Amino acid sequence: MKIKKVEFTDFRNIESEEISFSDGINVIWGENAQGKTNIVEGIYLFARGKGFRAAKDKELIRFGKDISYVKLFFEKGGTDTEMGAEIQKTSKKIFYKNRVRAERISDIIGDFRAVLFCPSHLGIINDSPSVRRRFLDVAISQLKPVYIKMLSRYNTVMEQRNAILKMSPEARENYKDMLTVYSSQLASLCADIALMRYEYVKKLDIWVKKFFSEMTSGSEEPKIKYESDGWREGITKEAAEKKYFSLLTENIDKEIKYGATLYGIHKDDLETDLNGKDARYYASQGQTRSFALAMKLAEGEISREETGEYPVFLLDDVLSELDRSRKKYILSNISDRQVIITCCEKSLFCASKDVFFVNIEGGRVKYPRRRKTQQKTASEKA
Ligand code: ATP
Ligand code: MG
């Protein structure tokens with residue numbers, strides 16, 4: 001998977017720019033607040049279906065404008081693909097694949113695959129469970145289109161179930177059967193989603209062990225497990241569905257009290273152990289960073305295993321947060337794929353001759369003069 005070019009129109013602080021990339025390491029550099037992360041966010045839009053920083057799509061539209069466009073040109077398995085996103089202030093954003101409009105976002109997720117690594121991911125081990133669930137959801141969605149559909153169905157059913165739980169006792173009486181139907185639908189979706197997460201986590205565990213042991217010369221042993229009320233090691237999907245259904249029916253009084261669904265895959269977590277101790281509570285800052293780094297590299301390996309190709313790696317400002325040895329470790333591990341790195345200081349890369357530099361200033365791309373030929377080379381390839 002290789003990005004050839006990305007085009008922006010009125011996206012964040014970028015008025016109109018076209019950026020070509022090389023197949024290897026690309027460094028987007030510039031001072032703070034110039035638009036480096038905006039470029040990464042625009043690219044990752046096609047992997048995740050939404051901006052990774054924006055709470056609302058309209059935040060992506062350039063101030064004072066009503067519409068924003070991003071176009072991504074990439075090569076996958078020898079085939080060129082063009083994807084487009086149209087973000088409007090007043091209506092839902094639209095995605096296009098090879099100029100054909102996608103009916104749903106889930107129709108395009110997985111076509112372009114990327115692993116994003118930014119400073120907030122360094123806290124993945126001891127952040128809240130929702131951050132670890134999001135990590136799983138984004139990673140699995142890119143590999144299994146059905147997963148994102150199930151997740152979206154799950155959220156819809158849960159919202160409808162919560163609406164009944166919040167009703168007055170008299171009103172709820174009329175929806176008693178509906179509540180059971182929703183509980184049964186949720187239980188079935190829980191079993192399907194938990195199984196997919198569990199299988200992903202098993203693979204993650206293998207790769208994280210490998211990367212972690214390389215980083216620490218084999219002296220520390222990490223373990224990742226899927227943690228859930230309804231799912232456990234060795235359970236069948238049918239038994240898990242029954243377990244979720246009983247949790248959702250036996251605790252109904254408690255759920256009515258809280259006006260919310262208290263059991264299900266929206267409560268699950270990733271248990272991360274280091275040397276037999278829960279890393280969430282006992283790992284040092286350095287250990288949690290190595291763990292996070294190993295998880296991101298593992299995400300890339302699983303994607304390659306399942307699809308036959310490495311995803312694009314997007315490293316947004318993360319290198320400045322890592323110490324020398326971890327920085328060196330990540331750079332040596334990703335040298336064989338396309339990487340887009342943002343940083344304020346390009347000096348770290350000046351010694352490497354195969355790096356493609358893109359300078360950004362006030363939302364405008366400026367290719368450094370002494371590397372003028374590189375611009376030509378990358379756009380000729382595109
Ligand atoms: P840093 O090195 O600090 O991470 P950066 O180069 O990554 O900086 P970005 O996060 O990409 O900077 O943001 C660049 C600028 O974009 C900021 O000044 C921000 O105010 C501006 N910006 C954000 N959203 C919009 C928008 N919708 N319209 C116009 N400008 C925006
Ligand atoms: Mg930034």
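We use all heavy atoms of the structure for the numbers below, so side chains are in, but hydrogens, waters and symmetry mates are not. Remember, predicted model here, so these are calculated numbers, not experimental data. Both counts, for ligands and for their atoms, begin at 1 and track the order of listing.
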Is NZ or CZ of Arg161 both nearer than 6.0 Å to the six-membered ring centre of Tyr182 and within 45° of the ring axis?
no
Cation-pi check, Arg304 to Tyr310: give yes when NZ or CZ is under 6.0 Å from the six-membered ring centre and within 45° of the ring axis, no otherwise.
yes
With salt bridge (Lys or Arg N to Asp or Glu O under 4.0 Å) as the test, would you mind laying out the steps for Glu221 and Lys210 before giving the verdict?
CA-CA 10 Å; Glu221 175 80 1; Lys210 175 192 177 286; over 6 Å; no
Non-hydrogen atoms of Pro311 and Val115 that approach each other most closely:
CG-CG2, 3.7 Å
Worked verdict on Phe74 versus Phe112 for ring pair (Phe, Tyr, Trp, His ring centres under 6.0 Å)
CA-CA 8 Å; Phe74 62 95; Phe112 169 70; 5.2 Å; yes
Under the 3.5 angstrom rule, does the side chain of Glu271 hit a backbone N or O of Glu227 as a donor-acceptor pair?
no
Within the 4.0 Å heavy-atom cut-off around ligand 1, the contacting residues, ordered by chain and number, are Arg12, Asn13, Glu31, Asn32, Ala33, Gln34, Gly35, Lys36, Thr37, Asn38, Arg53, Glu59, Ile61, Arg62, Phe63, Asp317, Cys344
Look at the N, O or S atoms of Asn32, main chain and side chain alike, and state whether any lies under 2.8 Å from the Mg ion (ligand 2).
no
